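Numbers restart at 1 for each chain; the letters A, B, ... are given by sequence-line order, proteins then strands. Both backbone and side-chain heavy atoms feed into the values below; hydrogens, waters and symmetry mates do not. Everything numeric here is computed off the predicted structure, so don't read it as measured data.
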Amino acid sequence: MKEKSVKEACGKVFFAVCAVLCIVAAAAIFLFIVIKSVPALQATGLGKFLLGQTWAPDANDVYGQPISGSYGILPMLTGTLTATVCALLVGGTLGFFTAVFLAYYCKGKIKTVFSSVINLLAGVPSVIFGFFGIKVLMPLFNVFSPNGNSSGLLLTSVILGMMIFPTVASLSKTALEAVPAAYYEGALALGATRDQAVFRTVVPAARSGVTAAMILGVGRALGETMAVVMVAGNSPQYPHGLFSSFRTLTANIVLEMGYAGEVQMGALFATGGVLLAFVAFTVILLSLVTSDKKNKGQRRKKRGEFLFGRRLCSAGKVFGVASALFALAFLCALIVYLLVMGLPHFSVGLLFGDYQYGQQVSIWPSVAATLMTVGISLVIALPLGICAAVFLSEYAGSKNPLVRIIRSAIDILSGVPSIVYGLFGAITFVKLLGGSYSIAAGSLTVSVMLLPTVIRATEESLRAVPMALREGALALGAGKLRTIFTVVLPSALPGIVAAAILSVGRVMSESAPFMFTMGSSLQPMPEGAMSGGTTLAVALYYLSGENLYTDEAFACACVLMLIVLALNVAAEAAGRALQKKFQGEKNASRRNKRAQSKSLLRRFSRAQEH
Amino acid sequence: MRKANLYYGDFHALKSIDIEIPAQKVTAFIGPSGCGKTTLLKCFNRMNDLVPECKLTGEFLIGGEDIYKSKDVTGLRKRVGMVFQKPNPFPMSIYDNVAYGPRVFGIKKRAQLDEIIERSLRQAAMWEELKDRLNRSALGLSGGQQQRLCIARALATQPGVLLMDEPTSALDPGSTAKIEELMSELKKVTTVVIVTHNMQQAARISDNTGFFLLGELVEYGQTEQIFSAPAKEETQRYISGRFG
């Protein structure tokens with residue numbers, strides 16, 4: 001008996017340790033980035049760094065000697081913020097109206113289709129967005145550009161907007177659907193049209209949720225790297241107009257990390273630090289928005305009435321339909337275009353051949369590297385994440401201060417831009433593993449990044465397990481650990497599988513964290529976990545950067561796209577299986593009841609005949 | 001049980017309950033919603049331990065032993081089985097559902113388990129209908145079958161006491177009849193304590209009845225006496241359906 005309680009206590013501590021690792025990871029990221037950037041800030045001066053007008057680094061600058069380059073990030077800071085605001089205008093508006101349409105104007109199959117469209121768009125790798133931008137949108141926009149080259153603010157905003165669109169849409173949809181049906185019905189009962197009921201009553205009531213969705217969208221736009229690098233033009237200057245080339249903070253890191261001098265490197269880390277500050281700011285803002293719901297809703301309701309007159313409400317509906325259709329069209333265009341351009345270039349040599357420098361490009365080594373990365377990172381992130389989720393859902397009381405800290409650490413981890421994970425991995429895991437780029441280092445980096453994804457998805461599915469099952473097991477004398485392992489976790493299995501599949505998709509589609517941990521140029525077949533490699537997404541970035549390999553790039557994009565889409569579809573199916581598992585139970589009993597009541601009726605009628 | 005007091009935070013849920021439950025009989029607790037019947041029931045197998053801020057005073061004796069003095073909660077739950085309001089079969093096979101309890105207590109041999117499962121299912125009067133599909137998922141059963149399976153699952157550890165928390169409130173009349181029939185069989189092997197909202201049910205199946213109101217035990221005695229000649233006015237009014 002005593003053994004048992006020791007075992008239980010050990011279990012609890014073990015789960016808690018896994019959860020606390022999230023705090024450690026978040027703290028470590030902040031700490032390492034700060035440590036690395038302090039000397040650079042000392043050399044340049046904080047004011048000159050943040051408010052300096054020119055970025056002209058000198059790779060020969062070293063600490064302790066006067067520096068000759070200038071390290072001002074104000075133009076890029078401005079660029080990042082401008083691009084984010086513009087992206088929010090595009091993606092936020094589209095996302096919001098699509099959400100309204102999905103939540104209140106469509107039903108049944110159409111709703112399922114559009115919801116999957118949004119989920120699929122969310123899964124599209126950012127390099128593919130960038131690639132699509134270069135190949136399709138850029139030639140299109142070039143027509144309007146005064147200098148014939150459209151890479152710059154407009155193109156970036158459109159691409160970024162489409163990237164944050166799914167985030168905003170799906171979260172706003174959840175917020176809108178959470179509004180009690182009574183509000184909507186009440187408005188209708190007072191004689192409001194359907195459009196008025198939606199835009200005047202439901203939307204203001206869902207305000208805080210929609211705002212939260214926008215903030216998360218902003219977070220994503222701030223941290224996006226690869227797609228931006230591909231379409232922004234990247235000269236370190238202020239964005240002057242819609243078609244002027246500019247550079248964001250994230251792009252700055254990717255572009256210069258590879259060959260940076262000592263001070264320059266420090267300045268790049270400091271750039272990462274600025275990004276982290278933005279993340280911390282959005283996380284705080286988010287918690288503020290979601291906590292004081294009531295006040296805000298009431299204060300703003302009046303303005304809502306001014307905003308949406310009857311005609312405007314109807315226009316809103318039309319806009320909702322239009323943006324949903326636009327999203328569908330965009331996704332279809334993306335898929336069809338890549339298939340049409342990529343499939344004809346599939347060849348045995350390209351897909352499965354050996355890579356020979358300068359002679360034959362093959363994505364086979366990349367496929368191998370991708371698989372290795374996926375394998376290693378899942379082996380690390382899944383058990384850790386699941387145990388942390390078990391702690392949060394089965395052991396933690398919501399009032400415990402430790403739990404609160406863990407939750408905010410998870411929020412921060414999920415908000416940290418992937419390029420900052422790359423920086424973090426470069427100075428921790430790469431150094432730890434001997435100083436050269438390796439698949440192992442890349443996998444470790446990305447597994448930290450996966451933690452919040454795994455934890456959230458697992459926790460959600462654990463919470464979906466009915467309390468009654470836990471009680472049933474406990475009432476039979478099972479201990480808590482046994483209950484968790486024999487009843488709770490098996491019941492939540494489909495949800496956990498979905499989390500795993502989503503993680504695979506995430507690893508496949510990320511590229512920024514791998515650039516400085518695994519290497520970024522095409523390489524022959526990796527010999528083991530300690531050799532460098534490029535995942536498919538990084539390979540696509542590399543191939544699309546050089547105009548020599550356009551066909552190969554298309555084929556590569558096509559392969560990547562197909563795999564990621566398949567994974568997302570699989571994850572959705574697994575999620576649905578979880579729902580069915582518990583709903584099926586209800587339906588079955590209902591069906592049986594109906595059958596039984598019928599047979600009872602028959603018996604009664606027979607009895608009466610007698 | 002003597003002078004049991006129970007608090008949820010500041011809320012005084014059970015007030016000085018003093019009750020003696022005879023072995024091998026069916027005892028029913030009746031009373032309006034929120035009067036503490038279920039809370040009291042959960043005290044017998046310490047399911048209230050799961051609720052934070054739940055405090056308990058007084059003694060709970062089962063067979064002369066105070067169950068709150070010992071630390072062996074799982075051992076207690078082996079001796080005191082429980083069936084819940086809604087059927088809660090685990091999402092696994094029928095066999096594994098019934099075998100869950102014995103496995104918790106370290107029985108691993110297949111032959112021994114087979115024996116236990118046959119015995120428990122027979123006691124729950126469902127061996128004949130289920131013996132050919134023990135490996136099917138328990139979720140495929142009907143609501144009434146699921147509830148009887150949960151009873152079989154609780155019986156598998158051979159408990160001395162079986163607690164039933166409104167076991168038929170989520171079921172149709174046909175299944176209810178089967179379970180009531182079952183209960184009168186069950187008292188041959190175990191002591192049954194049942195919480196119910198259905199007074200006819202209490203009258204039909206129980207030997208003793210306790211009437212609760214606002215956390216107090218108003219009246220307790222033989223079922224016939226309570227239903228034919230209640231001593232207290234509140235009881236009279238409740239069983240004749242004037243409030244509750």
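- Residue-environment remark: CZ (B:Arg136) stays at or below the threshold of 12 foreign heavy atoms within 6.0 Å.
- For the pair B:Met92/A:Val487, a side-chain contact is recorded, criterion being any heavy-atom separation below 4.5 Å from C-beta on.
- Within 6.0 Å of atom NZ in B:Lys187, more than 12 heavy atoms from other residues, nucleotides or ligands are found, so the atom counts as buried in its surroundings.
- The environment of CD in B:Glu115 is sparse: at most 12 heavy-atom neighbours from other residues, nucleotides or ligands sit within 6.0 Å.
- In this structure, the portions of B:Arg153 lying under 4.5 Å from any heavy atom of chain A include both its backbone and its side chain.
- In this structure, the separation between CG on B:Asn88 and CE on A:Met467 is 11.5 Å, given to the nearest 0.5 Å.
- Between B:Phe90 and A:Leu476, some side-chain heavy-atom pair lies under the 4.5 Å cut-off.
- Between B:Met82 and A:Ala475, the shortest heavy-atom contact is CB-CB, 4.0 Å.
- Put simply, of A:Lys480, A:Arg482, A:Arg470, the one with the most heavy-atom pairs under 4.5 Å next to chain B is A:Arg482.
- Within the 4.5 angstrom heavy-atom criterion, only backbone atoms of B:Val80 (N, CA, C, O) approach chain A.
- The closest side-chain heavy-atom distance from A:Leu469 to B:Pro91 is below 4.5 Å.
- Summarising the geometry, atom CD belonging to A:Glu471 is positioned 11.0 Å from atom NZ belonging to B:Lys86; distances are rounded to the nearest 0.5 Å.
- No more than 12 heavy atoms of other residues, nucleotides or ligands lie within 6.0 Å of NZ in B:Lys25, so this atom counts as exposed by the packing criterion.
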